[in-house]
There are 2 protein chains.
Amino acid sequence: MATGRTHRPATRSRGIPEATVARLPLYLRALTALSERSVPTVSSEELAAAAGVNSAKLRKDFSYLGSYGTRGVGYDVEYLVYQISRELGLTQDWPVVIVGIGNLGAALANYGGFASRGFRVAALIDADPAMAGKPVAGIPVQHSDDLEKIIEDNGVSIGVIATPAGAAQPVCDRLVAAGVTSILNFAPTVLSVPDGVDVRKVDLSIELQILAFHEQRKAGEEHAAADGGGPAAATRTDSAEQGPDGDVPAVMPA
Amino acid sequence: MATGRTHRPATRSRGIPEATVARLPLYLRALTALSERSVPTVSSEELAAAAGVNSAKLRKDFSYLGSYGTRGVGYDVEYLVYQISRELGLTQDWPVVIVGIGNLGAALANYGGFASRGFRVAALIDADPAMAGKPVAGIPVQHSDDLEKIIEDNGVSIGVIATPAGAAQPVCDRLVAAGVTSILNFAPTVLSVPDGVDVRKVDLSIELQILAFHEQRKAGEEHAAADGGGPAAATRTDSAEQGPDGDVPAVMPA
DNA sequence: GATTGTGAAACGCTTCACAGCT
DNA sequence: AGCTGTGAAGCGTTTCACAATC
């Protein structure tokens, strides 16, 4: 029994808040860009602007990782890249399978951002026999009959589902049964998974609907725009938050 | 003058919390499925399970929209579908342009979830002259030289950016200059936009990195799994949250 | 008896503001 | 003088628990 916590108090893994975890990849991207330009150090202010968050939040986030900065100076770029990579588990190689090689699956297979972050597309899987053997992004597509074997042979623990909605749950079940414990779901369905499996989902249509909501509001609000006067109008909001990142990611501890 | 709030107290548009707005599409999807099966009413418990949230949250969410349920009975499915659609602005037609017709852009163009939700792909735009005229998802690709004209002619206010990272900001600037006020960004960059423009972003690699973080933790935690005994092990977590939905969407009021 | 709608408590995240270090 | 690291306050969200309603 040990601690006896049945449904986990909330997902804060070893003291790092989920909201912070969700931003680490953002910082990492900004830092990588700085690193490529051979910038040696950054202040929280500069890095925050590059990542699109505010500096107090960034400093608080980093404080959960440890004291990696130098007061009066800033953060060492290379050192931070390493620390964040390590924290995210990107110093190791993650074999990933993509199931469902339609337009989206192909796009994912071709996406450069994976390889550069420690993710390796170990296999592409599709249910269509006509696809079998056909190379996509230089990787031959394999038939879904062999899904279990592929997972086991490659030691895959992360699976990406890019199938139509109807196929997602069966595919998910097979992935999990074969040993996958993290799933990124692009199919517009709620997946049921056993305890210990994490699911994250990306739903393209949902994002558009949220935009439509705000867009609709704008149309019905032709006043605040006109009365503030002209001057401070077209200023860019460089450091504002954007997108579904100020997450409460709710990674399903399941 | 009016209220005099300069930088918006936080993005709660007309009393509906952002977190709630982000879940409305989820409820809508579940309700649509029930509607297709001709289910007349649902309880908060049932609908919550179908949407992957808990029922208290769902009831609270609906309470912001009004009192649309009947105590002792539940919610009328058709009525709720209508109310949520209206709230999200989906009863009107939203012309959308997709810029960058690579693998991802093509996948988006072919994605069925748009059309069924009031979104209409008004145009596909790409910078490659070789693509011009080529039909993708039945829509001929147009050259980006004509971007401004396309936006204006079609009255487009929502743009989707699926270009490489380097092209995203220039494309964004042109979209905004031409009148687009909501942007869904798939390029791995932070976009700067003027006030009044909303940006949401979807970053495939970030989602995987978050999964990797949790995956790494699992590997170093071989104890809670083994000692709880066998019985209650393989139970499905049907109603748990999943993915980046328990959002604080942080739609950039910009 | 069942189920909604909602105050109030609990929780986690963000922001402030400044002490502490270089 | 400059910038980090962080307690404490402020806010928004979730959850609880029960009165109101059918």
Side-chain angles (χ1 to χ4, degrees), chain A residues 7-13 15-24 27 40-49 51-77 79-80 83 239-241 244-251, chain B residues 5 7-13 15-24 27 40-49 51-77 79-80 83 239-241 244-251 253:
Chain A
H7 52 281
R8 267 176 232 200
T11 316
R12 171 187 282 211
S13 311
I16 302 182
E18 273 300 313
T20 296
V21 172
R23 280 187 297 267
L24 292 181
Y27 301 143
T41 58
V42 256
S43 67
S44 61
E45 203 72 51
E46 292 163 335
L47 183 53
V53 303
N54 81 47
S55 64
K57 199 189 281 185
L58 178 142
R59 286 199 302 277
K60 190 59 130 189
D61 283 342
F62 286 179
S63 79
Y64 293 116
L65 308 182
S67 284
Y68 295 152
T70 308
R71 293 171 203 237
V73 180
Y75 300 92
D76 181 278
V77 173
Y79 186 58
L80 248 193
Q83 289 299 345
S239 57
E241 322 278 322
D245 267 345
D247 252 354
V248 179
V251 170
Chain B
R5 43 192 173 124
H7 52 282
R8 267 177 232 203
T11 317
R12 170 187 284 209
S13 311
I16 302 182
E18 272 302 313
T20 295
V21 171
R23 280 187 296 267
L24 293 181
Y27 301 143
T41 58
V42 255
S43 67
S44 61
E45 202 73 51
E46 292 163 336
L47 183 54
V53 304
N54 81 47
S55 63
K57 199 187 283 184
L58 177 143
R59 287 199 302 278
K60 190 59 129 190
D61 283 343
F62 286 177
S63 79
Y64 294 116
L65 307 183
S67 283
Y68 295 152
T70 309
R71 292 170 204 239
V73 179
Y75 300 91
D76 182 279
V77 172
Y79 186 58
L80 249 194
Q83 290 299 345
S239 56
E241 322 277 323
D245 267 343
D247 253 355
V248 178
V251 169

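Here is how names work: the chains are called A, B, and so on, in the same order as the sequence lines, proteins then strands, and each is numbered from 1. Hydrogens, waters and symmetry mates play no part in the numbers below; they use all other heavy atoms, side chains included.
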Has the side chain of A/Ser43 got a donor or acceptor atom that lies under 3.5 Å from a matching backbone atom of A/Glu46?
-> yes
Atom-pair distance (CD on A/Glu18; C1' on C/dC11), nearest Å | 15 Å
Quick one: list whatever passes side-chain contact (heavy atoms from CB on, under 4.5 Å) with B/Tyr79, sequence neighbours left out.
-> B/Tyr68, B/Asp76, B/Gln83
OP1 or OP2 of D/dT15 sitting under 4.0 Å from any side-chain N/O of B/Asn54?
-> yes
Any residue meeting side chain to side chain donor-acceptor pair (under 3.5 Å) with B/Thr20, in chain and number order, not counting sequence neighbours | B/Asp61
Could you check how far NZ of B/Lys57 sits from P of C/dG12, rounded to whole Å?
-> 13 Å
Could you run through nucleotides 4-9 of chain C and give me one letter per nucleotide, 5' to 3': B if any protein heavy atom sits under 4.0 Å from the base, S if only the sugar-phosphate is that close, - if neither?
-> BBBBB-
For B/Ser55, all residues meeting side-chain contact (heavy atoms from CB on, under 4.5 Å), sequence neighbours excluded = B/Ser44, B/Glu45, B/Ala48, B/Arg59
Between D/dT15 (C1') and B/Leu58 (CG): distance, integer Å | 14 Å
Does B/Thr41 have any side chain to side chain donor-acceptor pair (under 3.5 Å) partners at least two apart in sequence or in another chain, and if so, which?
-> none
B/Phe62: ring pair (Phe, Tyr, Trp, His ring centres under 6.0 Å) partners, not counting sequence neighbours = B/Tyr27, B/Tyr75
